[in-house]
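Encoded as C-alpha cells, the structure appears first; notes follow it.
Basis for what follows: all heavy atoms, side chains included, without hydrogens, waters or symmetry-related copies. Protein chains get the first letters and strands the later ones, always in sequence-line order, with residue 1 at the start of each.
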Amino acid sequence: MEPKISEKAWNPELEKEILKQWEEGKIYDFTPQEDNYTIDTPPPYPSGRPWHIGAAAHYSQIDMIARTARMAGKNVYFPIGIDRNGLPVELYTEKKHKIRMRETERGEFLSLCREALDDLEAEMIFIMKSLGISGDFANYYRTDSEEYRTLTQSTFIDLWKKGQVYLANRPNNYDWVSGTTIADAEIVYEDLSTKLVYMKFKIKDTDKEIVIASTRPELLCACRTIIVNPEDERYTQYIGKKIIVPITSAEVELRTHHSAQQEFGSGAVMVCSYGDQNDVALFRELELEEIVAIGLDGRMTEVAGEYSGLKPKQARTKIIEDLETKGFLEKTEDIVHRTPVSERSKAPIEIIPMEEYYLKQKEAVPKIKSLGQEITFYPAMHKQILMNWLESINIDWPISRRRYYGTEIPIWYCKKCSEPHVPEPGKYYRPWSEKCPISNCTKCDSTEFVGEERTFDTWMDSSVSPLFISKFNRDDEFFKKVYPVSIRPQAKDIVRTWLYYTLLRCEQLTGKKPWSEAWIMGYGLDENGMKMSKSKGNAIDPLPVIEKVGADTFRFWSASEINHGQDFRCNEQKIESTKKFLSKLWNVSRFLSSFPVIESGKLAASDEWILSELDNLVKECKRGYNEYNFFIPAIAIREFTWNVFAAHYIEMVKARAYGIDFSDEERDGAIFTLHKTLSTILKLLAPITPFITEHLWKILYSNDSIHKEKQVTPENLEDQSYMTKEISEFNSKVWNEKKSQNLSLKDSIKLEIPESLEAFKKDLKSMHNLLD
RNA sequence: GGGCUCAUGGUCCAGGUCGGUUAUGACGUCGCCCUUACACGGCGAAAAUCCGGGGUUCAAAUCCCCGUGGGCCCA
C-alpha cells in the first residue's frame, strides 16, 4: 500500500502554510466565559536588533503554557503586548539620528522614538508569529498607547488621592556639563589621574589623630561619619569615638563597616553626601542626614563656607592648600582612579540630591509577603528571590524620571504658589504640552499653571499589565470575569522588579493578588556561559536560526535542552541537530501512513506491552505539563518514540502489520496499536511542536486541528516496563550475533528466545528471521 | 560586601527530596551496515576518579561542613 506521506523529511517551509490556516481558522480566538485561563504575557521591549535567541526560547515556552492549557480544556486568553516605554529607545534614537535628547524639541524627539519602536516592533512580532506563538496578535497592545498610558496615569491619580505618593530628596547622577540628570545606563567608567589626599582628623578629647585618605577633600563639609573595617585592629580602640573634621570642625562618629578596605589609603574612609555610589548606600543604610554640598549649577553650595560658589575641582585645589597651611595635611599621592563619567560629555558625574516622587511601599511589605505565600511558583525555589527582596526593601519606590519617552506624570503646579494639582482620572495627559484642565488653583485661586515635565519609571506602566489585559476601568464585566488572571510567566532576573511591582500595585489598586501562579524561567547564556545581552554584543539573532531550521525544531530544542527555571546555554549547532528527532517522527508517521486507521484489533503481547509503555509516557508527560516543565515531556517523548517505539516495537510488528504469515485479526491488532501509539505521541507533543504535529495529524487522523483536541489521559494499565529492558537486550543480542557472523540483518539465524519473552515469540521470529 | 543559583564523558543534560544496579540520554567522534519508514537512517564502540578537601555511613554523584570556580540580582 502506498504511504499517504511521500516526502522523506519534514520540510519547515510547511510551517508558513500551517500558520496561515491557524490565522484564517481563528482557532485561538478568545471570548470570556465564567472560567478563563489568562496569561499575563510579558510585553517584550523592542530596544534594538537583534532580539535574543534566549527571548525567543522564552516566548516559545510561554506558548507551550497556552497550548497545554487549551488541551486541558481551559478557555485560554493569551494577550500579546509590546513594552515601549523607557530609556533604551531614547539611547537608540540618539545614536541612530546622532542627536541629543535634551537638545531636540520634545515632540520631535518623541516621534523619532516612536518610529524606531515601530520598526523594531514589527520585526519582533514577525518573529513571535513565526515561532507559532498562539497569542492574540489581532489585538496586541502597546504600553505607550493612549489607552495604556491612561491606565498608568489613572492608577497614579488614584494612589495620589489615597496619599500613597510623596516628594522627597533622592541622590541623582548629575552631569553638570550638559546640565541634566543621567541614568545609570549612561555612565561609563574612566581611569583618571587624581590626587589622593591624606588628612589628619583629631579624635575628640584626646591628643591622638587618625589619617584619612580621600580623593574628594572638598566634600569635608558634607562628611557625616568615618568608617573602618571591623577587623582593622589599628582603629579598634577608637570605635564609637567622636572625630573632629578638619576645616569645618564638625564632630562625627567613627564606626565600623565591612565596606571599608584596610589596604586602601589608611583604611579609614570618610563618608560624605555624596562622593560616590557607596556613599549613597551608606547614607541609606546608616540613616545619615545628607548635606547638599554641590548644587545643580555644579558649584559648591553655601554649606561649603568659604568655598561656596567654586567648582568642585577648584575647591579641591584650594582646600588642599588650606589643609596644608592649617597643618591637617599629611601628604598627597598621585593615583589613577576609576571615575564614573557621563558617557557623552565625559565629565565626572556628581551625585546630587534632587526632589523626586515616591510611591509608598515599605508599609506594604508584610501584605505582599502574605500574597507571595498564596502564589504558586514554578519552580518553587524561585519564590525565594521575591522573599529575599521583600526582606531587603528599606526605601520607598522612587517613581519619577527625568526622561522623555515615558508616561507623563499628570501633575500641574500653580505658577504662583507651586501647589501641585492632579487632574481627574480617565484621560491621557501630557502636562509638558497641554493646558492644565483645572481652571483655578485650589490654594491661591491663581489661573496660571506649569506642567510637570518628568515621566514615570517604566515599571509604573508594566506593573499594571494584569489590570490592562483584564480591562480594568474600561469594561467592568470583562474585568470581573478575567481578574485575577491565572499565570504570570517571566524571566528570573526581573522578579525583583516586574513581579514585585505588579504585586504591589495590583494589591494597592484592587486589594487582590494579580495572579495565582508565577512561572519563572532562567535566561539564555552564550556558549561561554555569559548572559546574552545586546550591550555585550554576544546575543544570537533568532531569526536566521528559525528560518533555517524551522520553528518546531527551535521549540523542541528549547524544551529538550532547558530544564525549567535553570539558565541555559545557546548553541546553534545543537539547535540544528535537534531536527533529527523531527525527521524520526516524520518517518515513523510516513511508515504508518501506509496503513488504514482502524478502531480495534486483537492485541498480541507486543501490542499490550507497547500500550502499557505508552501509558507510562502519558503519565510522565502529565506530570511535566502539570508543573509547566516542558523538559520532562520533551525528553520522555523523544526517548519513547525513538528508542522504544521505533527501535523495537515497529521492527517487531512490521511483518505482522503487512500481514505476512499472520492472520487478518493479528494484523489488525498491530495496525490498531501503531496508530493508537502515534496519535497519542502527536497529541502529547502538540504543545511543544505545534506545526509538525498539526501537519501529521491532519494527514493521518482528522480534518480538524490537533490543537482543538483534549490531551490524552492515563488509562492506568498494568506496568510492563520491566519487559522493555528484556526486549531491547534480546534484540541487541541478535543484532550483535548477526554482525559477528557477518550476516545481513535480513538473513536468518538460529537463536534461543528466552523464556521470559515467550509471549513475544511470533513477533520476534518474524523480526529477526529466527529459525526454530 | 550581601543574597540566590549552578558545577556529572569533548559538548549539553538526567539522576540528587527518599544514600545501595554496570551513573541516563542526546550531540559530536570512530567503526561496520542500503535492512520494502527513515543514510536527516540502523547497529556497535570509545569516552566521566560525578569541581577540590573533610565528615556521617557497612555504603555518597546523592546527606553535612569548609573551600574553589561560573552565572545572575542587589549594594
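For Y658(A) and F662(A), the ring centers sit 6.0 Å or farther from each other. Aromatic ring centres of W586(A) and H695(A) lie closer together than 6.0 Å.
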For nucleotides 30-36 of chain B, print each protein N/O atom paired with a nucleotide N/O atom at under 3.5 Å, atom names and distance only.
from	atom 1	to	atom 2	distance (Å)
G31(B)	N2	K739(A)	NZ	2.7

Are there any protein N/O atoms within less than 3.5 Å of an N/O atom in nucleotides 3-8 of chain B, and if so, which ones and at what distance?
from	atom 1	to	atom 2	distance (Å)
G3(B)	O2'	N388(A)	ND2	2.8

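Contact annotation for F568(A): no contact, since no heavy-atom pair falls under 4.0 Å across all strands. Contact annotation for S577(A): backbone-only contact, meaning every heavy-atom pair under 4.0 Å involves sugar-phosphate atoms and none involves a base. Residue contacts shown for T578(A) are absent, as no nucleic acid heavy atom lies under 4.0 Å away.
As rounded to the nearest Å, U36(B) and A48(B) have C1' atoms that lie 41 Å from one another. As rounded to the nearest Å, G9(B) and A45(B) have C1' atoms that lie 14 Å from one another. A59(B) sits 14 Å from U21(B) when the P atoms are compared, rounded to a whole Å. Nucleotides U17(B) and C43(B) place their C1' atoms 39 Å apart, quoted to the nearest Å. Between A61(B) and G20(B), the two C1' atoms lie 13 Å apart (nearest whole Å). Using atom P as the reference point in both U29(B) and U11(B), the two lie 15 Å apart (nearest Å). To the nearest whole angstrom, the two P atoms, one in C30(B) and one in G19(B), are 43 Å apart. A26(B) and U35(B): their P atoms are spaced 25 Å apart (whole Å).
The phosphate of A37(B) (OP1 or OP2) has no side-chain N or O of S593(A) nearer than 4.0 angstrom. Contact annotation: K8(A) reaches the phosphate of A39(B) (side-chain N/O to OP1 or OP2, under 4.0 Å).
The side chain of A281(A) approaches A75(B) more closely than any other nucleotide in the set A75(B), A26(B), C72(B). Out of G25(B), U11(B), A37(B), the shortest distance to the side chain of K574(A) is found at U11(B). For W389(A), whose side chain is taken as the heavy atoms from C-beta onward, the closest listed nucleotide among C74(B), U11(B), G44(B) is C74(B). Side-chain proximity of W642(A) to the nucleotides A26(B), C38(B), G42(B) is greatest for G42(B). If you check G42(B), C12(B), G28(B) against the side chain of K584(A), the one that comes closest is G42(B).
Whole-Å rounding puts the K725(A) NZ to U24(B) P distance at 10 Å. Remark: P of A75(B) and NE2 of H257(A) are 14 Å apart, rounded to the nearest angstrom. Rounded to a whole Å, the CG atom of L700(A) is 16 Å from the P atom of A37(B). Atom-to-atom, NZ of K579(A) to C1' of C27(B) comes out at 13 Å; the value is rounded to the nearest Å. Rounded to whole Å, the distance from CZ on F283(A) to P on A75(B) is 17 Å. Atom pair L282(A):CG and G2(B):C1' shows a separation of 13 Å (rounding to whole Å applied). To the nearest angstrom, C1' of C12(B) lies 14 Å from CG of D567(A). As rounded to whole Å, 13 Å separates atom C1' of A75(B) from atom CG of D279(A).
For Y174(A), there are no side chain to side chain donor-acceptor pair (under 3.5 Å) partners, not counting sequence neighbours. Contacts of I393(A) classified as side chain to side chain contact (heavy atoms under 4.5 Å, CB included), with partners at least two apart in sequence or in another chain: Q361(A), K362(A), V365(A), W389(A), L390(A), Y500(A). When the side chain to side chain donor-acceptor pair (under 3.5 Å) test is applied to K762(A), the partners found at least two apart in sequence or on another chain are E666(A).
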CA sep, side-chain torsions, deciding dist, call: D747(A), K738(A), salt bridge (Lys or Arg N to Asp or Glu O under 4.0 Å): CA-CA 8 Å; D747(A) 290 337; K738(A) 285 190 177 178; over 6 Å; no
Worked check of side-chain contact (heavy atoms from CB on, under 4.5 Å) between H768(A) and F730(A): CA-CA 11 Å; H768(A) 295 296; F730(A) 177 72; 4.1 Å; yes
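Closest approach of L684(A) and Y625(A) over heavy atoms only: O-OH, 2.6 Å. Here the closest heavy-atom approach between residue L682(A) and residue W697(A) is recorded as CD1-N, 4.0 Å.
Checking side-chain atoms of R488(A) against main-chain N and O of T502(A) turns up no donor-acceptor pair under 3.5 Å.
Counting only Watson-Crick and G-U wobble pairs whose two distances sit under 3.5 Å, RNA chain B takes part in these stems of three or more pairs: B:1-7 with B:68-74, B:10-12 with B:25-27, B:29-33 with B:41-45, B:51-55 with B:63-67.
For K369(A), the NZ atom sits in a packed shell: over 12 heavy atoms of surrounding residues, nucleotides or ligands are nearer than 6.0 Å. Heavy atoms of other residues, nucleotides or ligands lying less than 6.0 angstrom from CG of D661(A) number 12 at most.
The nearest heavy atom of RNA chain B to N563(A) and to Q573(A) marks one nucleotide each, and the one closer to the 5' end goes with N563(A). When each of T497(A) and N731(A) is assigned the nucleotide of RNA chain B bearing its nearest heavy atom, the one mapping closer to the 5' terminus is N731(A).
Seen from the ring of F556(A), K579(A) does not count as a face-on cation partner, given the 6.0 Å and 45° thresholds. For the pair R590(A) and W10(A), the cation does not sit on the ring face, since its NZ or CZ is not both under 6.0 Å from the ring centre and inside 45° of the axis.
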